[in-house]
Amino acid sequence: MRQTIATITFALGLTGLAGTAFAATQYPLTLENCGRQITFEKAPKKIVSIGQGMTEVLFSLGLADKVAGTAVWVGPVLPQYAEANSRIKRLADNDPSFEAVVGQEPDLVAAEFEWHVGAQGSVGKREQFADLGIETYIAPADCVAKINTDGGDGVRETLFTMDLVYREIAELSEIFDVKDRGDVLITELKKREADAVASIAGAAGKSLPVVFWFSSKEVNGDAFIAGKNSAPAYILKTIGAKNVVTTEEEWPLVGWETIAQANPAVIVLATMDRRRYAADDPKVKIDFLENDPVTRELDAVKNRHFVMMDAQSMNPTIRTIDGIETLANGIKAFGLAR
């Protein structure tokens with residue numbers, strides 16, 4: 001994420017957009033959110049944010065002072081928010097307990113993923129929070145045209161687009177009556193996306209096969225590879241490359257023999273601080289790729305066409321724009337932008 005977003009958001013927090021009129025939020029405000037009507041009588045004063053992507057959106061909207069606690073982190077916060085984040089209680093690196101969340105006495109729990117706060121919520125169900133007078137908000141990117149009934153990463157029925165993230169930004173900025181900040185953030189992200197696309201001008205072509213490897217439970221086992229409608233699939237479509245996976249699962253487990261048949265020209269490797277699975281470490285990923293008898297024969301491996309990408313850029317977040325920029329730069333660096 002570029003420093004410009006932090007700078008603009010900070011300036012807006014102090015002075016607003018000079019000479020520009022934004023309509024104030026009219027309360028009570030009712031929104032449809034992941035199949036549930038949510039209502040706010042006023043802007044929430046205290047938030048618990050579950051999911052790094054959700055937390056970074058709140059920070060980008062200048063709402064760090066309202067965040068009482070966070071949880072579910074994959075890597076470092078965006079650099080421009082490191083100081084603000086250091087002052088906020090981290091309830092857990094992974095899933096927090098229901099008690100830890102309600103113990104912060106929030107009036108809003110905002111979740112990046114439905115599996116944390118939903119029908120099968122690992123943290124708590126929406127009804128449980130509602131019984132305590134706590135409203136819940138789930139990122140639209142995790143429920144619009146997406147099925148999460150299996151408790152895993154879910155199945156996405158249509159291609160993710162950044163419009164879902166822009167909807168999240170717009171809705172949160174309305175909930176907190178900071179529409180000016182939301183509009184500026186959306187404008188900045190759209191410009192960066194357009195600039196990244198223009199830099200490569202679709203030159204990769206649809207014939208360039210690319211695979212996104214998030215992690216694996218066992219290094220020598222099947223890999224969590226980005227599905228056909230995921231955020232990485234959107235990145236590929238945006239710059240004109242091709243996903244080697246055709247399943248609608250968000251992150252299906254795929255065998256390397258199957259991947260080898262597609263013979264990817266580029267392999268995008270997730271980087272993260274998390275060490276939940278054996279292949280979370282990108283060094284472990286590369287060691288496997290270069291030594292396994294199947295994977296070492298792939299064009300991407302023989303040519304060392306590895307693109308290192310922050311794991312959060314592979315999720316439906318504001319960092320998806322970073323992912324577009326990162327892959328576009330990688331394709332150009334490899335000389336594959338014909």
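The chain is numbered in sequence order, starting from 1.
Ion pairing between a basic and an acidic side chain is recognised when a charged N comes within 4.0 Å of a carboxylate O; D195 and K191 show such pairing. Remark: R36 does not engage E32 in a salt bridge, criterion side-chain N to carboxylate O under 4.0 Å. D107 has no carboxylate O lying under 4.0 Å from a charged side-chain N of K45, or vice versa, which leaves the two without a salt bridge. Contact check on E56 versus R319 returns a salt bridge, with a Lys/Arg side-chain nitrogen under 4.0 Å from an Asp/Glu carboxylate oxygen. Using a 4.0 Å cut-off between charged nitrogen and carboxylate oxygen, K146 and E157 do not count as a salt-bridge pair.
In this structure the side chain of T320 never reaches within 4.5 angstrom of the side chain of N315, judged on heavy atoms. Considering only heavy atoms from C-beta on, S173 stays 4.5 Å or farther from R181 through its side chain. Looking at E248 and R156, their side chains never come closer than 4.5 Å, going by heavy atoms from C-beta outward. Taking the side chain as every heavy atom from C-beta outward, V102 and I134 approach each other to under 4.5 Å.
Ring pair F288/W213 is perpendicular by interplanar angle, where above 60° counts as perpendicular and below 30° as parallel. Between F160 and Y234, the ring planes are perpendicular. Angles over 60° get that label, and only those under 30° would be called parallel.
Residues Y277 and F214 place their aromatic rings such that the two centres sit no closer than 6.0 Å. Between W251 and F224, a ring centre-to-centre spacing not shorter than 6.0 Å is recorded.
Counting only N and O atoms by type, the side chains of N33 and R126 include a donor and acceptor under 3.5 Å apart. For the residue pair Y137/E168, the side-chain donor-acceptor check at 3.5 Å is not satisfied. Between the side chains of D299 and H305, not a single donor N or O lies within less than 3.5 Å of an accepting N or O.
The residue from R274, R275, K285 that alone fulfils the side chain to side chain donor-acceptor pair (under 3.5 Å) condition with D280 is R274. Of the residues L208, V307, N303, the one that meets the side chain to side chain contact (heavy atoms under 4.5 Å, CB included) test with F334 is V307.
With a 6.0 Å cutoff to the six-membered ring centre and a 45° limit on the axis angle, K66 does not count as a cation-pi contact of F176.
The local environment of CD in E127 is crowded, with over 12 non-hydrogen atoms from other residues, nucleotides or ligands closer than 6.0 Å.
Between P293 and E297, the shortest heavy-atom distance links the atoms O-CG, 3.7 Å. Nearest approach of P252 to I225, heavy atoms of both residues: CD-O, 2.9 Å. Closest of all the heavy-atom pairs between E325 and R192 is OE1-NH2, 2.7 Å. Shown here for A279 and V284, the closest heavy-atom pair between the two residues is CA-CG1, 4.3 Å. A pairwise comparison of heavy atoms in P96 and V72 identifies CD-CG2, 4.3 Å as the closest pair.
Panel note: side chain D287, backbone K283; no donor-acceptor pair is recorded below 3.5 Å.
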CA sep, side-chain torsions, deciding dist, call: T70, T55, side chain to side chain donor-acceptor pair (under 3.5 Å): CA-CA 7 Å; T70 69; T55 301; 5.1 Å; no

For side chain to side chain donor-acceptor pair (under 3.5 Å), just list the numbers for E257 and Q261, CA-CA rounded to whole Å, side-chain angles, deciding distance to a tenth of an Å, and then say yes or no. CA-CA 7 Å; E257 292 80 4; Q261 294 175 9; over 6 Å; no

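If you chain together hydrophobic residues whose side chains sit under 4.5 Å apart, L132 and V123 fall into the same group.
Atoms CG and CG, on L327 and D322 in that order, are 12.5 Å from each other to the nearest 0.5 Å.
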